[in-house]
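Counting starts at 1 for both ligands and their atoms, in listed order. Heavy-atom basis, side chains included; hydrogens, waters and symmetry copies ignored.
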Amino acid sequence: MPRETQVLAVASVVLYFALRFMAAPILAAPAARAYSDHVNPQWVRLLDLLQMNVVYERCSGTELFTSNGRRILDFLSGYCVHNAGHNHPAIVAALKKELDRCGPAMLQSHVPQLAGELAQRLCALAGGRLRRAFFTNSGSEGVEAAIKFARAYTGREGMLYAKGAFHGLTCGALSLMNDRHWRDSFGELLPGTHGIEFGDLEALEAALKTRRFAAFLAEPVQSEGGVRVPGATYLLGAQHLCRRYGTLFAVDEVQTGMFRTGPFLAAHHFGLDPDMVVLAKALSGGLVPIGALLMTKAISDSVFNSLKRAFVHASTFGENGLAMRAGLATLDVLEDERLGWNATRMGEVLRTKLREALADLELVEEVRGIGMLNGIAFRAPDQLRLRIPYEAFRRVHPAMFGQVLVMRLFRDFNILTQVCGNSFQVLKAAPPLSITEPEIDEFVLAVRQVVETAHHPGEFWSEALGMARRAMMRDNDSGTPHEREGRL
Ligand SMILES: Cc1ncc(COP(=O)(O)O)c(C=O)c1O
């Protein structure tokens, strides 16, 4: 074994045992007691651990204000929900007006006019052959709908997806994600699903040739997968191959849609003409649950093909008036304020400034992104004095390094962000699309300072050690009930 590897192995073992014996309790903040007791205690403990368990009193545009007077700049946007900014006054006003008019809601026995209006606008913006919408309450439900509509249209059962994807956590959507973290302990999922490498057209063609697959679902840019922007020709090639083998080409634009990357859909960057598009998150201005599956007329007609089947796929809250009104008002805001244009312009500014500011830091691999969907990717440093703590902590928990960055940005610089859900070495930079240059400067300065501290082993890594100790304590009493019994 090379000497360096030996040193790293010893360091991780020493660190592991040090943490086990030094594990310290986490004190839950009293304000979160009811949530902790009756909803999810581990979530509260995680926020405590990250020192992010604050009480937000008011949120507006790109800013979040806490009960103890802090002003936090949002560079996460609830994972691309707040494209129009928090509580945009025009969307809030539209919702109040909708409530005040006391119109029909959830009758399940009328034609919801607003749903027609929103569908028409979404299809016009999406373009191509997309003529119909099916409304849902979330992105996962949109993916579920895509699976059902694709099966009905093609008469095939299989579904293809790209590895590294995040499509949602309901059983069907989860079947289209390979990451074990999300799947473990939930048993068998949907049969007939198959993951291929993102960007690999040969693997895609080999799978398509079997003619078992109803659809290939892909995010145009893998967001939780580490903000992976594909080469210019990959998606067009994938669409072409899907057509050749009779498989539908579907894009998940739950994060990338609604002008996040500049144009209305990221598919527009790549000149795509998909058969289906899943939207959600930012579609209702971050105020009302919503999702939509856009598709061709033929696909929609394959499900709703007779009176008997007029509501064979439906959801009680799917076309509710508040969500539809919020969707229409959100489109007005995004278009009137030209937020897609701002996302393109400010995205360039953000990436340029970040690249300049981080150029000399060896832990930074690259800054990448498109529009206002950006990531800072980190890598193992070359210098042994940095490599040892970096690798040792990564072996204790792969997210540790990123979470210390997230914690420090939040605690010391009032910046909210997170690492990617399927790629912990990538820090996200995805603020509301109304972000301004001075706010970008604030973010860049904070990131520079925090990442720089990681290059001076003492302080940064002792903080990581403290966090690891508390995390260890948390993990000791977590796990499935079955596993906990085993430990006792
Ligand atoms: C790309 C993508 N698709 C689907 C989903 C699932 O959306 P939801 O959480 O609304 O069910 C998410 C959620 O983060 C997502 O990022």
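Ligand 1 has a nitrogen or oxygen under 3.5 angstrom from a nitrogen or oxygen of Gln255. Close N/O approach between Glu224 and ligand 1 is not found [any backbone or side-chain N/O within under 3.5 Å]. By the 3.5 Å distance cut-off applied to N or O atoms, Glu219 is not counted among the residues near ligand 1. Of the N or O atoms in Val254, none lie within a sub-3.5 Å distance of an N or O in ligand 1.
Residue Glu365 qualifies as enclosed at atom CD: its count of foreign heavy atoms under 6.0 Å is above 12.
Between the side chain of Asp252 and the backbone N or O of His167, no donor-acceptor pair lies under 3.5 Å.
Cation-pi geometry between Arg58 and Phe65 is met: the NZ or CZ atom falls under 6.0 Å from the ring centre, inside 45° of the normal. A cation-pi contact, defined as under 6.0 Å to the ring centre and within 45° of the axis, is absent between Arg394 and Phe424.
For ligand 1 and Ser138, the ligand atoms under 4.0 Å from any heavy atom of the residue are 10 (O), 11 (O). Residue Lys281 has at least one heavy-atom neighbour below 4.0 Å for each of these atoms of ligand 1: 12 (C), 13 (C), 14 (O), 16 (O). Of all atoms in ligand 1, listed by their number and element, those nearer than 4.0 Å to a heavy atom of Phe166 are 1 (C), 2 (C), 3 (N), 12 (C), 13 (C), 14 (O), 15 (C), 16 (O).
Closest protein heavy atom to atom 4 (C) of ligand 1: His167 O, 3.2 Å. Residue, atom and distance of the protein heavy atom nearest to atom 3 (N) of ligand 1 are Asp252 OD2, 2.7 Å. Atom 10 (O) of ligand 1 has Gly139 N, 2.8 Å as its closest protein atom, hydrogens excluded (heavy atom only). Ser140 OG, 4.3 Å is the protein heavy atom nearest to atom 9 (O) of ligand 1.
Side-chain contact, Asn374 with Arg368: no donor N or O sits under 3.5 Å from an acceptor N or O. In the model, Glu141 has no side-chain atom that pairs as donor or acceptor with a side-chain atom of Thr136 under 3.5 Å. His86 and Asp74 share a donor-acceptor pair across their side chains, judged by distance under 3.5 Å alone.
Using a 4.0 Å cut-off between heavy atoms, Ala280 makes no contact with ligand 1 at all.
Contact check on Glu224 versus Lys428 returns a salt bridge, with a Lys/Arg side-chain nitrogen under 4.0 Å from an Asp/Glu carboxylate oxygen.
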